[in-house]
Student: 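Starting off with a structure, shown below.
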Amino acid sequence: PQKAASPAADQGKDDKRKAVRAQHEMVRIRSDLLDNMVNFAGEVSIYRSRVEQQLGSLGFNLDEMEQIIRRLREQIRRVDIETEAQIESRILEVEREEDFDPLEFDRFTSMQQVSRSMTESLSDLSSVRDMLNNLARESETLLLQQSRVTTELQESLIHTRMVQLVEQAPRLRRIVRQTCTDMGKEATLRFQGAEVEMDRAVVERLLAPMEHMLRNSVAHGIEKPDDRKRIGKEEGGTIVIAQAREGSEIVVKVSDDGGGINLDKVRAKAVERGLIKQDQKTSDQDLMQMILHSGFSTAESLSQVAGRGVGMDVVNSELRQIGAALSIDAERGK
């Protein structure tokens, strides 16, 4: 007999499916549109800076207004004192006179009224100043909040352009497998620091040099399985792509457990090409840098992988174009 499912159970399953689907929903967007949004976020930051400058100018003018109000208040106080003194003096004169007209005090009354009007105007001016100060403070608070939001928006937009090099692992592993098949060798590619992210454009520019370095690693570094077994190594070599963030830079290290760079071959090739003299003393590090010269190759035979002389000089040039620096280090037998 079949059991009828309850509506509540079906609803619960649907909610779970929708939640799982929502977690994995992805949106594809053209890179030029994304670049435009990043540029617009930058423009907003520029406009915010200009508003901050205008607020700074407003604050300066408010300080000037404060000084003007102080001077005006002092001047009105002096006018009041002078008026009171004149009234006191006039009253004394009038008391000594037998006949006087009380209407003579009208002009003093008018001066007092003008003085009071000026005091009221000064009070109104102070109120306007206080209102402007409050508006300036509120505007600064809003600008601060807007700055935080803009920064988060810009970082989020930039983060959408960031990818991990490990996402290209299938392509790079295929290069290693293909080269191993051509050279009759065995090697495994591993990744370290996979969580490090880089700009998509940088990763795309980095792939071609990375592929060439992997081919070099198999062709020139990893030994034949029989040779590795004879010297106590595992038959299959290991190539490691390690990534690490150092301050504002990202360091990508490509290393293998092969035989290292044969510096004797490098020296012989450098002498043959006239890069150094036969009896010239050079350090190991200087010899390694010879590899970066155009057309330099230590391969004994020409193949699809090595011997064409188009190698590390192209890699070095490509890396320089994206603002990167290349350094080579090796230890014989390791």
Side-chain angles (χ1 to χ4, degrees), residues 23-24 26-29 31 34-35 38 151-152 154-180 183 185-223 233-234 236-261 284-285 288-289 291-292 305-306 310-334:
Q23 290 177 358
H24 298 287
M26 303 286 288
V27 176
R28 299 189 66 176
I29 183 171
S31 59
L34 196 57
D35 291 339
V38 174
T151 302
E152 291 179 3
Q154 206 162 9
E155 290 177 354
S156 300
L157 286 173
I158 292 174
H159 188 71
T160 58
R161 294 164 48 175
M162 306 291 277
V163 295
Q164 296 174 345
L165 185 61
V166 73
E167 293 180 8
Q168 303 295 329
R171 173 178 174 176
L172 298 176
R173 287 196 172 101
R174 185 169 62 252
I175 293 292
V176 173
R177 285 196 304 269
Q178 182 180 350
T179 309
C180 286
M183 305 294 296
K185 299 179 179 181
E186 297 178 9
T188 304
L189 178 61
R190 295 179 181 173
F191 288 84
Q192 292 179 1
E195 70 281 356
V196 176
E197 293 182 326
M198 291 179 282
D199 190 276
R200 184 184 301 275
V202 175
V203 172
E204 290 175 355
R205 295 289 296 274
L206 195 61
L207 280 178
M210 190 73 64
E211 290 174 358
H212 191 90
M213 285 189 279
L214 291 176
R215 292 192 187 97
N216 268 5
S217 187
V218 175
H220 298 286
I222 304 293
E223 307 94 340
K233 293 183 179 181
E234 295 182 0
T238 302
I239 305 172
V240 178
I241 298 178
Q243 302 170 86
R245 185 179 293 277
E246 294 183 0
S248 61
E249 296 181 342
I250 293 177
V251 178
V252 182
K253 184 185 293 184
V254 183
S255 60
D256 62 62
D257 61 350
I261 296 175
D284 291 350
Q285 194 62 39
M288 292 176 196
Q289 295 302 315
I291 300 171
L292 301 180
V305 178
V310 182
M312 293 305 296
D313 60 319
V314 178
V315 170
N316 189 36
S317 174
E318 186 72 16
L319 291 177
R320 285 182 182 277
Q321 289 181 17
I322 60 175
L326 175 66
S327 62
I328 302 175
D329 193 18
E331 189 175 347
R332 190 184 296 271
K334 293 186 180 180

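Residue numbers start at 1 and run along the sequence shown.
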Student: Using the side-chain contact (heavy atoms from CB on, under 4.5 Å) rule, pick out the option among Leu172, Ile239, Val240 that qualifies with Phe191.
Tutor: Leu172
Student: For a quick test of reading the model, state the closest non-hydrogen atom pair linking Met162 to Asp199 and the distance between them.
Tutor: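 Looking at all heavy atoms of both residues, the shortest contact is SD-N, 3.7 Å.
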Student: With a cut-off of 6.0 Å (strictly less than), are more than 12 heavy atoms of other residues, nucleotides or ligands near CD of Glu234?
Tutor: no
Student: What residues form a side chain to side chain contact (heavy atoms under 4.5 Å, CB included) with Glu186, not counting sequence neighbours?
Tutor: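 Side chain to side chain contact (heavy atoms under 4.5 Å, CB included) list for Glu186, sorted by chain: Pro225, Glu235.
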Student: List for me each residue that meets salt bridge (charged side-chain N to carboxylate O under 4.0 Å, His left out) alongside Asp257, sequence neighbours excluded, and say none if there are none.
Tutor: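 Salt bridge (charged side-chain N to carboxylate O under 4.0 Å, His left out) check on Asp257 returns Arg228.
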Student: Not counting sequence neighbours, which residues clear side chain to side chain contact (heavy atoms under 4.5 Å, CB included) with Ala244? List them please.
Tutor: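 Testing Ala244 for side chain to side chain contact (heavy atoms under 4.5 Å, CB included), a comparison that skips the adjacent residues, returns none.
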Student: Could you list the donor-acceptor pairs under 3.5 angstrom formed between side-chain atoms of residues 326-334 and any protein atom two or more places apart in sequence or on another chain?
Tutor:
none

Student: List the steps and the verdict of side-chain contact (heavy atoms from CB on, under 4.5 Å) for Leu214 and Ile241.
Tutor: CA-CA 9 Å; Leu214 291 176; Ile241 298 178; 4.2 Å; yes
Student: Can you tell if the side chain of Leu206 reaches within under 4.5 Å of the side chain of Met198, non-hydrogen atoms only?
Tutor: yes
Student: Is there a side-chain contact (heavy atoms from CB on, under 4.5 Å) between Val252 and Val196 once you walk through the steps?
Tutor: CA-CA 10 Å; Val252 182; Val196 176; over 6 Å; no
Student: Is the shortest side-chain heavy-atom distance between Arg215 and Gln178 below 4.5 Å?
Tutor: no
Student: Applying salt bridge (charged side-chain N to carboxylate O under 4.0 Å, His left out), name anything that partners Arg200, two or more places apart in sequence or on another chain.
Tutor: none
Student: Over all heavy atoms of both residues, which pair between Val315 and Pro209 is shortest? Give the atoms and the distance, please.
Tutor: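 Smallest heavy-atom distance, with atoms named: CG1-CB, 3.8 Å.
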Student: Please tell me if the side chains of Val38 and Arg161 come closer than 4.5 Å, counting only heavy atoms from C-beta onward.
Tutor: yes
Student: For Arg190 and Thr238, which heavy atoms make the closest approach, and how far apart are they?
Tutor: CD-CG2, 4.0 Å
Student: Quick one: side chain to side chain donor-acceptor pair (under 3.5 Å) partners of Lys233, sequence neighbours excluded?
Tutor: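 Residues passing side chain to side chain donor-acceptor pair (under 3.5 Å) with Lys233: Glu223.
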Student: Check side chain to side chain donor-acceptor pair (under 3.5 Å) between Arg171 and all other residues, then give those that pass, not counting sequence neighbours.
Tutor: Glu211
Student: Drop me the distance from Ser217's OG to Leu189's CG, to the nearest 0.5 angstrom.
Tutor: 9.0 Å
Student: Let me confirm one number: the CZ-OG1 distance from Arg174 to Thr179, rounded to the nearest 0.5 Å.
Tutor: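 So the gap between those two atoms works out to 11.5 Å.
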Student: If the condition is side chain to side chain donor-acceptor pair (under 3.5 Å), which residues does Gln168 pass it with, not counting sequence neighbours?
Tutor: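 Gln168 satisfies side chain to side chain donor-acceptor pair (under 3.5 Å) with no residue once adjacent residues are dropped.
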Student: With sequence neighbours excluded, tell me which residues meet side chain to side chain contact (heavy atoms under 4.5 Å, CB included) with Gln154.
Tutor: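 Ala41, Ser45, Ile158.
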Student: Which atom pairs, one a donor and one an acceptor, fall under 3.5 Å between side chains of residues 316-325 and the rest of the protein, sequence neighbours left out?
Tutor:
{"unit_1": "Glu318", "atom_1": "OE2", "unit_2": "Arg205", "atom_2": "NE", "d": "2.9"}
{"unit_1": "Glu318", "atom_1": "OE2", "unit_2": "Arg205", "atom_2": "NH2", "d": "3.4"}
{"unit_1": "Gln321", "atom_1": "OE1", "unit_2": "Arg205", "atom_2": "NH2", "d": "2.9"}

Student: Please assess Asn216 against Met312 for the test side-chain contact (heavy atoms from CB on, under 4.5 Å), listing each intermediate value before the final yes or no.
Tutor: CA-CA 9 Å; Asn216 268 5; Met312 293 305 296; 3.3 Å; yes
Student: Tell me, please, which residues at least two apart from Glu152 pass side chain to side chain contact (heavy atoms under 4.5 Å, CB included).
Tutor: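 Partners of Glu152 by the side chain to side chain contact (heavy atoms under 4.5 Å, CB included) criterion come out as none, since no residue qualifies.
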Student: With Glu197, which residues qualify under salt bridge (charged side-chain N to carboxylate O under 4.0 Å, His left out), at least two apart?
Tutor: none
Student: Do His220 and Ile261 make a side-chain contact, defined as non-hydrogen atoms from C-beta onward lying under 4.5 Å apart?
Tutor: no
